[in-house]
Undergrad: 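Below are the structure tokens for one structure; questions will follow.
The structure displayed is predicted, hence computed values, not measured ones. Protein chains get the first letters and strands the later ones, always in sequence-line order, with residue 1 at the start of each.
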Amino acid sequence: MNIIESIQEGVIRAVKGLYGAEIGPADITMSATRKEFEGDYTVVTFPFTRFARKKPDEIAEEMGQHLVREVAYVQKFNVIKGFLNLSLSDAFWRRFLEEICRNEQFGMQPPNGHKVLVEYSSPNTNKPLHLGHIRNILLGWSTSCILEAAGYEVARVQVINDRGIAICKSMLAWEKYANGATPGSTGIKSDHFVGDYYVMFEQKFQKEYQDWQKSDAGQAQLQEWLGTNEARRAEKELAQKREKALKELEGKVAAGELPPGSSLREEDFSPGKFFFKNFKDEYFNQHSKLGAEARAMLRRWEEGDEATVALWRRMNDWVYEGFNETYEKLGVRFDKLYFESETYLLGKDMIEKGLEEGVFYRKDDGSAWADLTGAKLDHKAVLRSDGTSLYITQDLGTAHLRYQDFGVEKMVYVVADEQNYHFQVLFELLRRLKEPYADGLYHLAYGMVDLPTGKMKSREGTVVDADDLIAEVVEEARKNSLERDTLAGLSAEEQQTIINQIGLAALKFFIIKVHPRKRMTFDPKESVDLQGQTGPYVQNAYVRVQSVLRKGGGQSLSAAADYDKLESQEREILSQLYAFPELIRTAAEEYDPSSIANYCYELAKAFHRFYHDYSILSAETQAARAFRLQLSQAVANVLKMGMKLLGIDMPERM
RNA sequence: GGCCCCGUAGCUCAGUGGAUAGAGCAGCUGCCUUCUAAGCAGCUGGCCGCAGGUUCGAGUCCUGCCGGGGUCACCA
């Protein structure tokens with residue numbers, strides 16, 4: 001039993017003995033004592049006034065005496081405004097420190113016999129990975145590590161969207177314009193190589209579309225639309241929008257944010273532009289030559305045309321090669337890949353079963369639906385009238401397949417929050433189908449990543465590429481390291497390893513420290529910061545310990561047993577360490593890596609302060625020296641484990 | 001419009017219903033002859049979106065409103 005439970009039990013007995021009331025642990029409000037007061041743990045006594053019929057201070061006083069008498073290691077107490085602050089004995093903390101120094105795996109929970117699957121990354125194969133994927137990957141990886149630390153057996157998987165019109169665009173552009181060029185022949189990273197042809201397709205298509213807009217056919221289409229009611233509505237809305245924008249602009253000019261004489265871009269409010277923007281998909285499907293070619297290619301792929309499938313395989317393999325490089329740089333891996341080309345037909349059996357069981361119903365046209373109005377959702381199509389699968393059908397089948405593959409009781413889907421509705425529907429359907437894992441489903445929905453300039457938009461070229469970003473943070477770490485010149489004496493290879501660790505720590509920590517649910521602003525300038533609330537700050541605390549240990553470690557630390565009169569900073573650090581196991585449990589329960597990041601920062605901060613204020617190697621006594629060495633060692637160990645859960649490695653020097 | 005998420009310092013973010021709401025960045029000041037200054041300390045900066053309610057106690061829970069985002073396809 002840990003000390004917190006002991007105290008709770010003591011409080012329960014005290015309440016019963018003193019006031020004759022029965023309470024449970026949940027009725028007790030307990031927390032670590034705030035820094036400005038003396039004590040280690042605080043019990044709030046206000047809730048007890050109801051049955052004690054006494055003032056909070058009196059209750060606290062009585063209870064404090066009771067706890068000191070009855071609970072081992074509770075040594076003394078003080079009362080401030082109804083808050084009962086308890087101090088544990090030095091012996092308690094010394095024993096705790098000894099215990100964690102013996103246990104390298106302190107905080108890691110023993111296997112709990114449960115299996116969980118984590119799906120993350122899940123890219124398309126037509127473009128390289130970008131900043132959004134990085135958040136996804138870091139969340140997925142750290143969540144899976146945290147679940148492992150909490151005792152789960154974890155399977156890491158990704159779904160790869162390797163089929164559909166998008167990859168056909170890349171294929172078509174490559175066929176038409178590449179003249180047989182390959183990643184090897186051009187020296188371009190292979191996923192970027194494929195992505196470049198996707199971009200090229202879009203550019204050629206855009207050019208074609210613009211030419212068409214000016215053509216008789218295009219103008220005729222526009223004229224036809226301009227006569228409709230829809231057009232009149234649109235014109236009205238555009239006029240309103242224009243007015244609003246004009247007001248905003250005038251406000252900004254008045255505030256000096258924009259130069260005088262600034263004006264609106266009138267074309268933004270022209271009905272013609274509005275029309276052609278919305279007509280784009282229809283143009284692609286109905287009129288475009290390139291669109292027709294891409295669709296023909298998709299059809300050939302679906303028919304299994306040999307040459308098309310071979311090209312498809314070749315280009316996708318290039319993409320995987322590039323992805324794997326990026327995954328390796330980020331230090332993540334997967335146990336299994338699910339390719340949509342292999343799973344997109346799955347799920348129909350489940351629909352059949354569901355139809356029999358009345359989970360779904362059929363419309364006259366043959367399509368299958370689920371009535372989810374009871375779950376405050378809606379009617380949802382699960383099979384097309386021609387009998388083919390939909391996105392949701394495929395996900396039903398894939399979930400079932402994964403259960404067969406891994407026998408997991410829980411599945412975590414790391415997917416952006418724009419798909420919240422989809423997962424609500426998916427989980428509800430799996431519950432109704434009585435899938436055995438249906439109660440263990442969790443959508444780890446994370447907010448999109450914005451740039452200081454606004455949303456990332458691939459069409460406007462504001463997407464931050466994953467590889468570029470990694471290179472940038474590592475370069476920043478390299479420059480800083482050179483200035484500091486602390487790595488002299490190490491081989492070039494060792495130096496590079498450390499610089500990579502520092503750069504990636506900055507990037508990863510910057511992203512993980514924000515709660516997943518929140519939309520986040522990613523400022524590239526701040527992400528390469530190496531000072532303050534950052535990954536390298538935490539690494540530096542670890543490095544300082546290693547440096548101390550190199551100089552003064554190796555001797556017996558048994559003298560630590562004689563250390564008494566712990567400093568309040570030492571107690572504070574110990575109390576933080578004490579919270580580590582519980583932190584892992586709650587982080588796993590809540591699927592929240594950000595709590596680990598913030599914990600590591602707080603612990604590093606406490607250590608940096610301690611390191612500054614007290615001498616470790618030249619402490620006043622042998623006992624103090626031994627104790628502080630142990631304490632430093634314990635801090636380093638916990639920081640290393642904590643950061644490892646975030647996918648961040650600790651360098652031995654920096 | 002329905003549903004979901006967010007709103008805390010100039011900026012980026014913490015904050016299990018408990019004490020005087022915290023960090024980092026930015027700005028200003030100090031501290032390297034001492035275990036690595038990627039550090040430490042200080043100053044400046046808050047109607048915790050607004051209004052009600054529940055509670056001994058609300059940034060935290062409930063309701064309404066305002067603002068931002070997402071989503072509501074036989075697309076994925």
Undergrad: Could you please spell out the steps behind the salt bridge (charged side-chain N to carboxylate O under 4.0 Å, His left out) verdict for A:Arg609 and A:Glu572?
TA: CA-CA 11 Å; A:Arg609 190 151 72 97; A:Glu572 197 190 314; 3.5 Å; yes
Undergrad: Compare side-chain N and O positions of A:Tyr601 against OP1 and OP2 of B:G15 and report whether any pair is under 4.0 Å apart.
TA: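 Checking A:Tyr601 against B:G15: no side-chain N or O falls below 4.0 Å of OP1 or OP2.
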Undergrad: Is the shortest side-chain N/O distance from A:Lys376 to OP1 or OP2 of B:C4 below 4.0 Å?
TA: no
Undergrad: Which is true for A:Asp395 with a 4.0 Å heavy-atom rule: it touches a base, it touches only sugar-phosphate, or it touches nothing?
TA: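 Answer is nothing: A:Asp395 stays at 4.0 Å or more from every strand.
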Undergrad: With both distances under 3.5 Å as the test, what is the Watson-Crick or G-U wobble partner of B:C3?
TA: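 Paired with B:C3, as far as the under-3.5 Å criterion goes, is B:G70.
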Undergrad: Please give the distance between the P atoms of B:G52 and B:G10 as a whole number of Å.
TA: 24 Å
Undergrad: For the side chain of A:Pro536, counting heavy atoms from C-beta on, which of B:A38, B:C35, B:C40 is nearest?
TA: B:A38
Undergrad: Which part of the nucleic acid does A:Asn161 contact within heavy-atom distance under 4.0 Å: base, sugar-phosphate only, or nothing?
TA: sugar-phosphate
Undergrad: Expressed as a whole number of Å, how far does the C1' atom of B:U60 sit from that of B:G22?
TA: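 Looking at atom C1' only, B:U60 and B:G22 are 15 Å apart.
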Undergrad: Report which part of the nucleic acid A:Ser594 touches: base, sugar-phosphate, or nothing (heavy-atom distance under 4.0 Å, all strands).
TA: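 A:Ser594: no heavy atom of the nucleic acid under 4.0 Å.
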Undergrad: Name the pairing partner of B:U16, where a pair is Watson-Crick or G-U wobble with both distances under 3.5 Å, or state none.
TA: none
Undergrad: Counting the atoms with a prime plus P, OP1 and OP2 as sugar-phosphate, which does A:Tyr614 contact under 4.0 Å by heavy atoms, base, sugar-phosphate, or nothing?
TA: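 Counting heavy atoms under 4.0 Å across all strands, the contact made by A:Tyr614 includes a base.
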Undergrad: Looking at A:Tyr413, A:Phe423, A:Tyr591, which one forms a ring-ring contact (aromatic ring centres under 6.0 Å, His included) with A:Tyr442?
TA: A:Tyr591
Undergrad: Side chain of A:Glu418 only, please: which of B:A19, B:G70, B:A14 is the nearest?
TA: B:G70
Undergrad: Aromatic contact between A:Tyr283 and A:Phe205, with the criterion being ring centroids under 6.0 Å apart: yes or no?
TA: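 Yes; A:Phe205 has its ring centre under 6.0 Å from that of A:Tyr283.
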Undergrad: For B:C43, what is the paired nucleotide under Watson-Crick or G-U wobble rules, both distances under 3.5 Å?
TA: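 B:C43 is paired, partner B:G27.
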Undergrad: Between A:Arg609 and B:C40, is there a side-chain N or O to OP1/OP2 distance below 4.0 Å?
TA: no
Undergrad: Heavy atoms under 4.0 Å, any strand shown: does A:Ile616 hit a base, just sugar-phosphate, or nothing?
TA: base
Undergrad: From the set B:A14, B:A76, B:U71, return the single nucleotide nearest to any side-chain atom of A:Tyr421.
TA: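 In terms of side-chain proximity for A:Tyr421, the closest of B:A14, B:A76, B:U71 is B:U71.
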Undergrad: With heavy atoms under 4.0 Å as the rule, sort A:Tyr391 into base, sugar-phosphate or nothing.
TA: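 Result for A:Tyr391 = base.
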Undergrad: Hey, what are the protein-to-nucleotides 5-12 of chain B N/O distances that come in under 3.5 Å?
TA:
{"from": "B:C6", "atom 1": "OP1", "to": "A:Arg517", "atom 2": "NE", "distance (Å)": "2.8"}
{"from": "B:G7", "atom 1": "OP1", "to": "A:Lys518", "atom 2": "NZ", "distance (Å)": "3.4"}

Undergrad: Rounded to whole angstrom, note down the P distance from B:C35 over to B:U44.
TA: 33 Å
Undergrad: Yes or no on salt bridge (charged side-chain N to carboxylate O under 4.0 Å, His left out) for A:Glu476 and A:Lys479, after CA distance, side-chain angles and deciding distance?
TA: CA-CA 5 Å; A:Glu476 190 66 23; A:Lys479 276 193 293 201; 3.6 Å; yes
Undergrad: Give me the distances for all protein-to-nucleotides 55-59 of chain B N/O pairs that come in under 3.5 Å?
TA:
none

Undergrad: Nearest 0.5 Å please: distance from the OH atom of A:Tyr421 over to the CG atom of A:Leu377.
TA: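 The CG atom of A:Leu377 is 5.5 Å from OH of A:Tyr421, to the nearest 0.5 Å.
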Undergrad: Are A:Tyr19 and A:Phe48 an aromatic pair, judged by ring center distance below 6.0 Å?
TA: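 Ring-ring flag for A:Phe48/A:Tyr19: false, centres at least 6.0 Å apart.
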Undergrad: Nearest to the side chain of A:Asn540 - B:C40, B:C35, B:G39?
TA: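 So the nucleotide nearest the side chain must be B:G39.
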Undergrad: Taking only side-chain nitrogens and oxygens of A:Arg544, does any of them come within less than 4.0 Å of OP1 or OP2 of B:A38?
TA: no
Undergrad: Looking at the side chain of A:Ser481, which of B:C35, B:A19, B:A38 is the nearest nucleotide?
TA: B:A38
Undergrad: Which value, in whole Å, describes the distance between the C1' atoms of nucleotides B:G42 and B:C47?
TA: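 Straight-line distance between the two C1' atoms is 28 Å.
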Undergrad: Taking pairing as Watson-Crick or G-U wobble with both contacts under 3.5 Å, can you name the mate of B:G64, or confirm there isn't one?
TA: B:C50
Undergrad: OP1 or OP2 of B:C35 versus the side-chain N and O atoms of A:Arg628: is any pair under 4.0 Å?
TA: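 Looking at the OP1 and OP2 atoms of B:C35, neither is under 4.0 Å from any side-chain N or O of A:Arg628.
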Undergrad: Can you tell which of B:A38, B:G22, B:G39 lies closest to the side chain of A:Asn480?
TA: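 Nearest to the side chain of A:Asn480 among the choices is B:A38.
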Undergrad: Using the six-membered base ring of B:A19, report whether A:Phe37 stacks on it, requiring centroids under 5.5 Å and planes under 30° apart.
TA: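 Stack criterion met.
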Undergrad: Can you confirm whether the side chains of A:Glu570 and A:Tyr563 place a donor and an acceptor under 3.5 Å from each other?
TA: yes
Undergrad: Taking the six-membered ring for Trp, are the ring centroids of A:His443 and A:Phe427 within less than 6.0 Å of each other?
TA: no
Undergrad: Do A:Lys455 and A:Met448 touch side chain to side chain, with heavy atoms closer than 4.5 Å?
TA: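 In short, these two side chains do not touch, never coming nearer than 4.5 Å.
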Undergrad: Quick one: label A:Glu602 by what it contacts on the DNA or RNA (base, sugar-phosphate, nothing), any heavy atom closer than 4.0 Å.
TA: nothing
Undergrad: Taking the side chain of A:Val548 as heavy atoms from C-beta outward, which of B:C35, B:A37, B:G24 is closest to it?
TA: B:C35
Undergrad: What interatomic distance, in whole Å, is found between P of B:G69 and the corresponding atom of B:G59?
TA: 28 Å
Undergrad: At under 4.0 Å between heavy atoms, what does A:His422 touch on the DNA or RNA strands: base, sugar-phosphate, or nothing?
TA: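 No contact.
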Undergrad: Ring centres within less than 5.5 Å and planes less than 30° apart: is that true of A:Phe83 and B:A19 in this structure?
TA: yes
Undergrad: When the C1' atoms of B:A9 and B:C25 are considered, how many whole Å apart are they?
TA: 12 Å
Undergrad: Side-chain N or O of A:Lys81 versus OP1/OP2 of B:U20: is the shortest distance under 4.0 Å?
TA: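 It does, given that an N or O in the side chain of A:Lys81 lies less than 4.0 Å from OP1 or OP2 of B:U20.
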Undergrad: Using atom P of each nucleotide, how far apart are B:A26 and B:A76 to the nearest Å?
TA: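 That atom pair is separated by 48 Å.
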Undergrad: Describe the nucleic acid contact of A:Ile502 in one word from base, sugar-phosphate, nothing, applying a heavy-atom distance below 4.0 Å.
TA: base
Undergrad: What I want to check is whether an N or O donor and acceptor connect the side chain of A:Thr42 with the base of B:A19 at under 3.5 Å.
TA: yes
Undergrad: Are A:Phe607 and A:Tyr542 close enough that their ring centres sit under 6.0 Å apart?
TA: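 No, the ring of A:Phe607 stays outside the 6.0 Å limit from the ring of A:Tyr542, centre to centre.
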Undergrad: Does A:His379 reach the side chain of A:Tyr361, with side-chain heavy atoms less than 4.5 Å apart?
TA: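 A side-chain contact under 4.5 Å exists here.
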Undergrad: Which base, if any, makes a Watson-Crick or G-U wobble pair with B:A58, both distances under 3.5 Å?
TA: none
Undergrad: Distance between the C1' atoms of B:C62 and B:A23, in whole angstroms?
TA: 30 Å
Undergrad: What's the closest nucleotide to the A:Leu390 side chain, out of B:C75, B:A38, B:G70?
TA: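 Looking only at side-chain atoms, A:Leu390 lies closest to B:C75.
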